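The structure under discussion appears below in the form of structure tokens.
First the proteins, then the strands, lettered A, B, ... as listed; each starts at 1. Treat the numbers as computed from the prediction; the structure is a model and nothing was measured.
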There are 2 protein chains.
Amino acid sequence: MPLGILGGGQLGRMLAHPAALMGIPLLILDSGPNTPAKQVSLPPAPHTQHPDGAFTSAQHIRELAQKADVLTVEIEHVDADVLAQVEADGLCTVQPAPGTIKLIQDKYLQKRHLQDRGIAVAPFAAVPEQPTMDHWKTLERELGMPLMVKSRTMAYDGKGNSPLKSLDAGDIQQTMTTLLGSAGGNKLYAEAWAPFVKEVAVMVVRNVAGQVKSYDAVETIHKDSILRVCFAPLRVAGGHGMSEVNKRAKELAERAVATLDGAGIFGVEMFLMPDGTLDSPRLPNSHTDTLPATGSLMINEIAPRPHNSGHHTIEACETSQFENHLRAILSLPLGSTSLRVPSAAMLNLIGTSESMQPIEDACNAAYGVPGATVHLYGKAECRKGRKMGHVTVTGSSDAQVRERIGPILRAMPDLAASFIDALSTPPQTTATTTGHSHPQPLVGIIMGSDSDLPTLLPAARILDAFKIPYELTICSAHRTPARMVTYAKEAAGRGLRCIIAGAGGAAHLPGMVASETTLPVVGVPVKGSVLDGVDSLYSIVQMPVSTFSSSCPLRQPVADILCPRVRV
Amino acid sequence: MPLGILGGGQLGRMLAHPAALMGIPLLILDSGPNTPAKQVSLPPAPHTQHPDGAFTSAQHIRELAQKADVLTVEIEHVDADVLAQVEADGLCTVQPAPGTIKLIQDKYLQKRHLQDRGIAVAPFAAVPEQPTMDHWKTLERELGMPLMVKSRTMAYDGKGNSPLKSLDAGDIQQTMTTLLGSAGGNKLYAEAWAPFVKEVAVMVVRNVAGQVKSYDAVETIHKDSILRVCFAPLRVAGGHGMSEVNKRAKELAERAVATLDGAGIFGVEMFLMPDGTLDSPRLPNSHTDTLPATGSLMINEIAPRPHNSGHHTIEACETSQFENHLRAILSLPLGSTSLRVPSAAMLNLIGTSESMQPIEDACNAAYGVPGATVHLYGKAECRKGRKMGHVTVTGSSDAQVRERIGPILRAMPDLAASFIDALSTPPQTTATTTGHSHPQPLVGIIMGSDSDLPTLLPAARILDAFKIPYELTICSAHRTPARMVTYAKEAAGRGLRCIIAGAGGAAHLPGMVASETTLPVVGVPVKGSVLDGVDSLYSIVQMPVSTFSSSCPLRQPVADILCPRVRV
């Protein structure tokens, strides 16, 4: 018996490919004979046609349920009550549970549900049907200003969201006009403005047997509330040092999905906050650039289906979100969610008008980029703000992926140069004579005292020459032992791949740092005023120092060590 | 205007996926409404159906040519004359050139063509239509015995090949009966038996503008003349040391394809010989295990289309062979052929009978393996020897991929345990007290004299403990300088990732080895009878040694150095 899918758009299209690979027959319910999904999936032999009707049509859903083993959705805006009924009538199973779909359809109820179960969400409150100025003032008092006012239902891709900047009557009028004209009608709610550092998302999948896996968190970058770019793995300033945030994001997403019934894949969108909380809702109205060193996470919303922030998984992960959704709802073991490439980015191809030309331009740019795969969705018409396709770019490093996406982003006419530059500029060595502090260093040069600098400076110069980003700082085993331990312990997590530690005399720094990290540590003995450096040489070579370098600049020992290994 | 494809089998199916992604409309000519390719590609809107007819039918080809911009083939057993005619009539372009398809259809003419252009092929000769014993004796004299007798046309996947072991009348009778009953009829030729070490294959793609790219060579493993397993990148004993063979294989394949007209992808199958040539055709009748250190390459055959030995490119490369074929024939720039994963294997799912059960068993095994992607072809019926699908497995190392394929191979009932073990066993440390010579070492431990052994043995023991394969040998800067230079120069190419060099006294070995390799070299000073080891310590730390280790076994310095970096 086939699998029935409600909705035949791009998510159905991307489900159809692994379905074909795994030999799963599909019946796709959507209006028209050649929707994106129907274009790539012949209906199974005994049925001559995919059902042609609205995925909200009770009659069509019931008919489909009679022909299918399992029903699933590629869009949550379906008739969840009918789904509950066909399941109650024993016609077939529905995954995820109709109750979950229904809950998620109403973003206010979704947030209530999560909040009631102790899952962090941005502060929110219902908006009455005919809000008075008193109502707005109460909302301002509770949530601060600006507010994000949203339709409770049918809000997606920038539709049904409107920021309210002040309680000025004109602003309120504009927000109400925008939202009441939208598909979601007059059920509204308000959220506190979340001054997030980053938006991150985690795809979580649970199969019928209850096995749960989540993909590594990704960074999602929106423009006009539409996802534009997604980076995997999670990256922020600090490079590879986001493992802690990744871990917490996965935990939060898995906890949230654990509160929802049914099998399948779920997209969990989150805010990474600068200070860990939204306790003070009156934070400045701006997306800050502060590093999220200990930033807390709160859930924005959950989608009970494959999600745009998981499209990179097709090329970048051992099992795509689409294949894992099929595995999950068809009682197969879940596939590995690990990345199969070091780094990936997903760029959405968003219509800017009725013309397909900008989309074609971006595709042509992508055809010239190594590691880029174009995904067009086969939509009959282009419209402003419509998702017409996406491009996934993989590479051997974050820096390579950033370089690769540049030409594709530059072919998109609606993106500002500053937006493109911020996303596509690879890390550059910015060392000057006054500062050696790259925001995403791969190498840390440390020394016990600034008097050691002349011995260590050649290492910095060689890293400059090879454009390897580094930081240079003072850190003493004897004078700042706690700082040294912290530096060593956090080095790998911050993305460092090597430490060069210089020390004279007793020269404990390299050995003590090596004791606290598995990174290679290059010890550089510094010649003191007595003993001609033999003291520090003996000290360093007798300690559990990972690597050793003569300090003789003529031999360029640091380059010898780093070049074959540190690749940016 | 759509692209027309002659043939709607699995190769067409795999072409249909990137065609959909790139928005290329397809018309697929094959018999029946739901062939593997037609299942995943709705015909473009103005045409209600894919053409239903034989891909050899002149009428259907002409009709298709009138509806298409470009025609291509997913199988070479088409009517090449009709293709030449439709092109001559200006109906559409055909890629690759019909003359190329026609030439390749006749394996004897294909080999003549290559030989005439100086491309290495195994010695071969035509077999007359009614061969007498005298004819056979001449063939034996020219080519040796045994012979591989082949149909000139319609030979593929083990069909149309028959080894002739001797000139015994019974043997001849059996070969003739086998071949004359095959689809290729009575046009035969004979090839010298190639006692190859490995079979390798390279996919080469050339676009309309003449741009050429080739994929890295893969190792192909056949059973009963049917491809079963394919490993990428090329691997043989020696691990990563096959770059030279890879380079030569790509060169040979590109040279061969340069002699053929037209755009598209070509699969070039080659033999890697133990001694570089087949000058002496009377080599022993066995596939030897000798290492192909300087093995020469000769071409077996060329396919003018996507090929089974390139299926791994879907998951493993930046652009798949299928997408690159489409790019090539549709005047797009070629995509990157680089691997996007460190290692991959492709396992064919071959029918063993009419039952699909063994195929399903292998798929179920694959669903439990991280990094495995199942590709079923949607064929209506299973038959013995029929390609029903394949599984691609990717991983972070050759060793991981080998481990991963084990459970899938073990689910295939027609494979012997020894065959499976040979393919799926990862390298193991086999060090004993009498030999420290792993065939695929990652670490080389060298020393100037066996008197240094007690100092170096702790390194070997630690490698044993971590199951890191290594070799241990004597190599002296002063007594065997030429051997030392060769060892250092070849180390990286043989797959070593690190060298541990011990030396006492003047202790030139580590520094001299480091001068000839970019691999990290760990210098271990050995204490002599005088000067307490300070002499060798000073020598080693002053030379361009990449890394240094105190020889004190208590501190396990070698483990400190190797563990964070050498991952098997």
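In the model, B:N364 has no side-chain atom that pairs as donor or acceptor with a side-chain atom of B:E360 under 3.5 Å. Neither side chain, B:T313 nor B:Q321, offers a donor N or O lying under 3.5 Å from an acceptor on the other.
Remark: of the listed residues A:L326, A:T337, A:I314, A:I314 is the sole one forming a side-chain contact (heavy atoms from CB on, under 4.5 Å) with A:S320.
Of the residues considered (A:K38, A:H375, A:E315), A:H375 shows the highest number of contacts with chain B, using heavy-atom pairs under 4.5 Å. Ranking A:A380, A:G395, A:P33, A:G371 against chain B, the residue ahead of the rest is A:G371, based on heavy-atom pairs under 4.5 Å.
For chain A, no part of B:T319 is nearby; none of its heavy atoms comes within less than 4.5 Å.
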For residues 12-26 of chain A, which side-chain donor-acceptor pairs fall under 3.5 Å, sequence neighbours excluded?
| from | atom 1 | to | atom 2 | distance (Å) |
| --- | --- | --- | --- | --- |
| A:R13 | NE | A:L376 | O | 3.3 |
| A:R13 | NH1 | A:P36 | O | 3.1 |
| A:R13 | NH1 | A:Q39 | OE1 | 2.8 |
| A:R13 | NH1 | A:Y377 | O | 3.4 |
| A:R13 | NH2 | A:L376 | O | 3.3 |
| A:R13 | NH2 | B:A20 | O | 2.9 |
| A:H17 | ND1 | B:H17 | ND1 | 3.2 |
| A:H17 | NE2 | B:H17 | NE2 | 3.3 |

